[in-house]
Participant: 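The structure is given below, and queries will be raised subsequently.
Computed from a predicted model, the values in this text were never measured in an experiment. For the single chain, residues carry numbers from 1 onward in sequence order.
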Amino acid sequence: MTTTCGRIAGRTHRGRARFLGIPYADDLYPDHAFAPPRPPRPWRGVFAATAAGATVAHPHVSQELFPDPVVAGPCPLNLNVYAPVDGDRPRPVVVWLHGGGFFTGGNASPWYDGDAFARDDVVLVVPNHRLAAEGFMILDDGVANRAVLDITQALQWVHDNIEAFGGDPSDVTVAGQSAGATAALALTGAPGARGLFRRLAVMSAGTPLLAAHGRMHELSELFAAQLGVPRTRDALTGASLARRLELEAAWLPEEVRARPGEVDERARRVRPGTFCWQPTLDGEVITVAPGDALAVPGAVEALLIGTTVEEWNFLLGPVTPAPSVEACREGFAGLGMTDEDLRRYLRSLETDNPGRALAQALTDRTFREPAHEVAATAAAAGIPTHVYQFAWSAPGVGAAHCVDLPFVFDHLDAPGAAGLLGAGAPAVLAGAVHRALVRFSGGHGPGWAAYDTDERAVMVFDEDPREVPDALRSTPAELRRG
């Protein structure tokens, strides 16, 4: 396989090929961690793309939902390609943006294995990008949104090279989950990414979709002050990487750092937008907010968007001991909601656990309602829009954040998946969810009616997938009862 930088050798198995750790940009460390990405350097000989590449430096997270290995080595701005071996036509391409709250994650996770996509005639590309301060800190003398620039550079690599892997550079869908979905939406307002993708598949994008620029500026000033250096590219690059990671670990969101017994504190402190680092409307890299970008007809060729119905169950809900009513009242107040709202959620969920009520209110406010707003905006602009809700309930956590990932990748036997999904996760449902993204990436629609502001048709993925009108306004119990 020959790319613009040189020859590459991967591995093949059962008619599918995988190429791991391909540099799409030059190395970051030690001198360029806070600089825009630079094109990769050509190499001599054959690059062995047979093992996971380096991951971007990030702190360890104690409450991982699925495996997130940290791999040392050069050139962390690398990508993996999964492709069919044979064929006489270019295949559609899916560029998958990983989740992790913009403070963790990478393409080395075995949950992002793209074998099923290659099996189904889709070329899957999974890039790394910078995280936390490296990716988003606002500098006095540097460009913002460096992680978005990384993703754009990866898309440019796809445009220039994917034909060699059997992909069609003119038929690219950007897909992502959690922070990856938020990043995908941010690309709609990034001039540098224009023309590098056609469709968006957005899964569990949490709000805010963009951080307020003033807020990100304040965080950047505080981070530099605590690090003890000026807020400049050279000063931050010269600071100890170990010290930066130590500080970033201290800045992890309270709900991630909290110990399992601290459910009351978690209930009190969880708020929308508590994740520190994320894309911002800087006016240069990102010039238009996603809601405004998608209001323009033709902004994207098509949009697929949805959430799980119980996103926050992994931190509050049946998986944790019940927090106190007082703590949950404070949590509801933090959402701008009242004690009556708490009582209403308890009634609708048919539970006396206020933690479940708070988890569902957070899910609705920070995931489901924003998905409805984005879908309505795009549909009103004439963009073919398809909406889903993932409602299958895993033992103990229900349809929590990340439960849908092994279904999207049709990889229920991924390492660690059984620990989250339990035994007996339905393979038929995994086939249906995965097939929807495969169909969508091929330009055929995912297999159900388009969303509009009248019917509001939504596909509910459960044991028996079905279309449900106005499903974004239904409770999980109502969706499961049909």
Participant: Nearest 0.5 Å please: distance from the CD atom of Glu326 over to the CZ atom of Arg329.
Facilitator: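 Here the interatomic distance stands at 4.5 Å.
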
Participant: Decide yes or no on side-chain hydrogen bond (donor to acceptor under 3.5 Å, both in side chains) for Asp68 and His58, but give the supporting numbers first.
Facilitator: CA-CA 11 Å; Asp68 177 30; His58 60 273; 3.3 Å; yes

Participant: Quick check: closest heavy atoms across Phe165 and Ile8, and the distance to 0.1 Å?
Facilitator: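 Between these two residues, the closest heavy atoms are CZ-CD1, 4.3 Å.
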
Participant: Measure from the side-chain N and O atoms of Asp141 to the backbone N and O of Thr232, and report whether any donor-acceptor pair falls under 3.5 Å.
Facilitator: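 No, the answer is negative, given that no donor and acceptor are paired below the 3.5 Å cut-off.
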
Participant: Show your reasoning for whether salt bridge (charged side-chain N to carboxylate O under 4.0 Å, His left out) applies to Asp26 and Arg41.
Facilitator: CA-CA 6 Å; Asp26 204 1; Arg41 298 179 184 180; 2.9 Å; yes

Participant: With side chains defined as the heavy atoms from C-beta onward, is the minimum distance between Leu412 and Phe407 less than 4.5 Å?
Facilitator: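 In short, these two side chains touch, coming nearer than 4.5 Å.
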
Participant: On the 0 to 90° scale, with breaks at 30° and 60°, tag the Phe66-Tyr112 ring pair as parallel, tilted or perpendicular.
Facilitator: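 Perpendicular.
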
Participant: Got a salt bridge between Glu134 and Arg244, using NZ or NE/NH1/NH2 to carboxylate O under 4.0 Å?
Facilitator: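 Answer for the salt bridge query: yes.
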
Participant: Main chain of Leu209, side chain of Thr207: is a donor-acceptor contact present, judged purely on distance under 3.5 Å?
Facilitator: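 Looks like no, no N/O pair under 3.5 Å.
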
Participant: Between Thr287 (side chain only) and Gly283 (backbone N and O only), is there a donor and an acceptor less than 3.5 Å apart?
Facilitator: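 Side chain of Thr287 to backbone of Gly283: no pair is present.
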
Participant: Indicate yes or no: at least one non-hydrogen side-chain atom of Val374 is less than 4.5 angstrom from one of Val202.
Facilitator: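 A side-chain contact is absent here, since even the closest heavy-atom pair is not under 4.5 Å.
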
Participant: Spell out, as yes or no, whether a donor-acceptor pair under 3.5 Å connects the side chain of Asp292 to the backbone of Pro290.
Facilitator: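 Absent.
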
Participant: Check the pair Thr308 / Glu311 against side-chain hydrogen bond (donor to acceptor under 3.5 Å, both in side chains), numbers first and verdict last.
Facilitator: CA-CA 6 Å; Thr308 71; Glu311 299 274 3; 3.3 Å; yes

Participant: Can you tell me how far the CG atom of Leu200 sits from the OG1 atom of Thr173, to the nearest 0.5 Å?
Facilitator: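 OG1 of Thr173 is found 8.5 Å from CG of Leu200.
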
Participant: Please check: side-chain N/O of Asp282 versus main-chain N/O of Val285, any donor-acceptor pairing under 3.5 Å?
Facilitator: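 Side chain of Asp282 to backbone of Val285: a pair is present.
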
Participant: About how many Å separate OG1 of Thr307 and NE2 of His372, when rounded to the nearest 0.5 Å?
Facilitator: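 Between atom NE2 of His372 and atom OG1 of Thr307 there are 12.5 Å.
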
Participant: Between Glu301 and Pro384, what is the shortest heavy-atom contact and its length?
Facilitator: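 Smallest heavy-atom distance, with atoms named: O-CD, 3.3 Å.
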
Participant: Glu310 versus Arg356: any side-chain heavy-atom pair under 4.5 Å?
Facilitator: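 Yes, side chains in contact.
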
Participant: Please determine whether side chain to side chain contact (heavy atoms under 4.5 Å, CB included) holds for the pair Ile286 and Thr280, giving the CA-CA distance in whole Å, both sets of side-chain angles, and the decisive distance to 0.1 Å.
Facilitator: CA-CA 7 Å; Ile286 300 176; Thr280 185; over 6 Å; no

Participant: Strictly below 4.0 Å, N to O, side chains only: are Asp113 and Arg18 in salt-bridge contact?
Facilitator: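 Looking at Asp113 and Arg18, the cut-off is met.
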
Participant: Check salt bridge (Lys or Arg N to Asp or Glu O under 4.0 Å) between Arg11 and all other residues, then give those that pass, not counting sequence neighbours.
Facilitator: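 Not a single residue meets the salt bridge (Lys or Arg N to Asp or Glu O under 4.0 Å) criterion with Arg11.
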
Participant: With side chain to side chain contact (heavy atoms under 4.5 Å, CB included) as the criterion, how do Leu185 and Leu210 come out once you've worked through the C-alpha distance, each side chain's angles and the decisive distance to 0.1 Å?
Facilitator: CA-CA 9 Å; Leu185 284 170; Leu210 292 180; over 6 Å; no

Participant: Would you say the side chain of Trp111 lies within less than 4.5 Å of the side chain of Leu420, judging by non-hydrogen atoms?
Facilitator: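 Yes; the side chains approach each other to less than 4.5 Å.
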
Participant: What verdict does the side-chain hydrogen bond (donor to acceptor under 3.5 Å, both in side chains) test give for Thr366 and Trp312, after you've listed the backbone C-alpha separation in whole Å, the side-chain angles of each residue and the deciding distance to 0.1 Å?
Facilitator: CA-CA 9 Å; Thr366 62; Trp312 278 89; 3.0 Å; yes

Participant: How far apart are the closest heavy atoms of Trp277 and Met137, and which atoms are they?
Facilitator: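 Taking Trp277 first and Met137 second, the nearest heavy atoms are CZ3-CA, 3.7 Å.
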
Participant: For Arg7, is the CZ atom crowded, meaning more than 12 foreign heavy atoms sit under 6.0 Å from it?
Facilitator: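 Open: at most 12 neighbouring heavy atoms sit under 6.0 Å from CZ of Arg7.
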
Participant: I'd like to know whether Arg231 forms a salt bridge (charged side-chain N to carboxylate O under 4.0 Å, His left out) with Glu221, so could you lay out the CA-CA distance, the side-chain angles of the two residues, the decisive distance to 0.1 Å, and finally the verdict.
Facilitator: CA-CA 7 Å; Arg231 196 160 43 88; Glu221 287 186 328; 3.7 Å; yes

Participant: For the pair Ser220 (side chain) and Ile138 (backbone), establish whether a donor and an acceptor sit closer than 3.5 Å, ignoring hydrogens and angles.
Facilitator: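 Confirmed, Ser220 side chain pairs with Ile138 backbone.
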
Participant: For the pair Tyr24 (side chain) and Asn128 (backbone), establish whether a donor and an acceptor sit closer than 3.5 Å, ignoring hydrogens and angles.
Facilitator: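 Indeed, once roles are kept as given, a pair shorter than 3.5 Å links the two residues.
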
Participant: Are Arg91 and Asp168 within salt-bridge range, i.e. N to O under 4.0 Å?
Facilitator: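 Looking at Arg91 and Asp168, the cut-off is not met.
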
Participant: Measuring only between side-chain heavy atoms, which start at C-beta, is Phe223 closer than 4.5 Å to Leu247?
Facilitator: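 Counting from C-beta outward, Phe223 and Leu247 do come under 4.5 Å.
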
Participant: Does the side chain to side chain contact (heavy atoms under 4.5 Å, CB included) test come out yes or no for Gln156 and Thr152, once each step is laid out?
Facilitator: CA-CA 6 Å; Gln156 186 64 56; Thr152 302; 5.8 Å; no

Participant: Does His411 reach the main-chain N or O of Pro406 with its side chain, forming a donor-acceptor pair under 3.5 Å?
Facilitator: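 No, His411 side chain to Pro406 backbone: no donor-acceptor pair under 3.5 Å.
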
Participant: For Leu227 versus Ala239, what's the shortest heavy-atom pair and its separation?
Facilitator: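 Looking at all heavy atoms of both residues, the shortest contact is CD2-CB, 3.9 Å.
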
Participant: If I take atom CG from residue Leu131 and atom CG from residue Asp150, how far apart are they, to the nearest 0.5 angstrom?
Facilitator: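 It comes to 9.0 Å.
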
Participant: Would a line drawn from the ring center of Phe409 to the ring center of Trp96 be shorter than 6.0 Å?
Facilitator: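 Between Trp96 and Phe409, which both carry aromatic rings, the centre distance is below 6.0 Å.
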
Participant: Indicate yes or no: at least one non-hydrogen side-chain atom of Val174 is less than 4.5 angstrom from one of Leu97.
Facilitator: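 In short, these two side chains touch, coming nearer than 4.5 Å.
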
Participant: Determine, stepwise, if the pair Leu79 / Val126 fulfils side chain to side chain contact (heavy atoms under 4.5 Å, CB included).
Facilitator: CA-CA 5 Å; Leu79 50 78; Val126 189; over 6 Å; no

Participant: Fit a plane to each ring of Trp43 and Phe47, take the angle between them on a 0 to 90° scale, and name the class: parallel (under 30°), tilted (30 to 60°) or perpendicular (over 60°).
Facilitator: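 Rings of Trp43 and Phe47: tilted, as their planes differ by 30° to 60°.
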
Participant: Determine whether Val95 and Val172 make a side-chain contact, defined as any pair of heavy atoms from C-beta on separated by less than 4.5 Å.
Facilitator: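 The answer is yes, as the side chains (C-beta and beyond) meet within the 4.5 Å cut-off.
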
Participant: What is the distance from atom CD of Glu248 to atom OG1 of Thr104, rounded to the nearest 0.5 Å?
Facilitator: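 These two atoms lie 10.5 Å from each other.
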
Participant: Using a 6.0 Å cut-off, check whether atom CD of Glu163 has over 12 heavy atoms from anything other than its own residue.
Facilitator: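 No, because the 6.0 Å sphere around CD of Glu163 holds 12 heavy atoms or fewer from other groups.
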
Participant: Quick one: do Gln389 and Arg368 satisfy side-chain hydrogen bond (donor to acceptor under 3.5 Å, both in side chains)? Show the steps, please.
Facilitator: CA-CA 9 Å; Gln389 290 281 272; Arg368 299 178 76 203; 2.7 Å; yes

Participant: Under a 3.5 Å distance rule, please check whether Arg199 uses its side chain to pair with a backbone N or O of Ser441 as donor and acceptor.
Facilitator: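 Side chain of Arg199 to backbone of Ser441: a pair is present.
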
Participant: What's the spacing between Asn161 CG and Ile22 CD1 if we round to 0.5 Å?
Facilitator: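 Interatomic distance, Asn161 CG to Ile22 CD1, rounded to 0.5 Å: 8.5 Å.
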
Participant: Could you check whether the rings of His129 and His98 sit parallel, tilted or perpendicular, using 30° and 60° as the cut-offs?
Facilitator: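 Plane angle under 30°, so parallel.
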
Participant: Less than 4.5 Å apart, side chain to side chain, heavy atoms only: is that true for His386 and Leu303?
Facilitator: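 No, their side chains stay 4.5 Å or more apart.
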
Participant: Strictly distance-based, threshold 3.5 Å: is any side-chain N or O of Asp341 a donor or acceptor partner for the main-chain N or O of Phe332?
Facilitator: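 A pair under 3.5 Å: no.
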
Participant: Any idea which heavy atoms bring Pro169 and Gly167 closest together, and the distance?
Facilitator: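 The answer is CD-O, 3.4 Å.
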
Participant: Where is the tightest heavy-atom contact between Asn80 and Leu20, given as atom of each residue plus distance?
Facilitator: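 Shortest heavy-atom contact: OD1-CA, 3.3 Å.
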
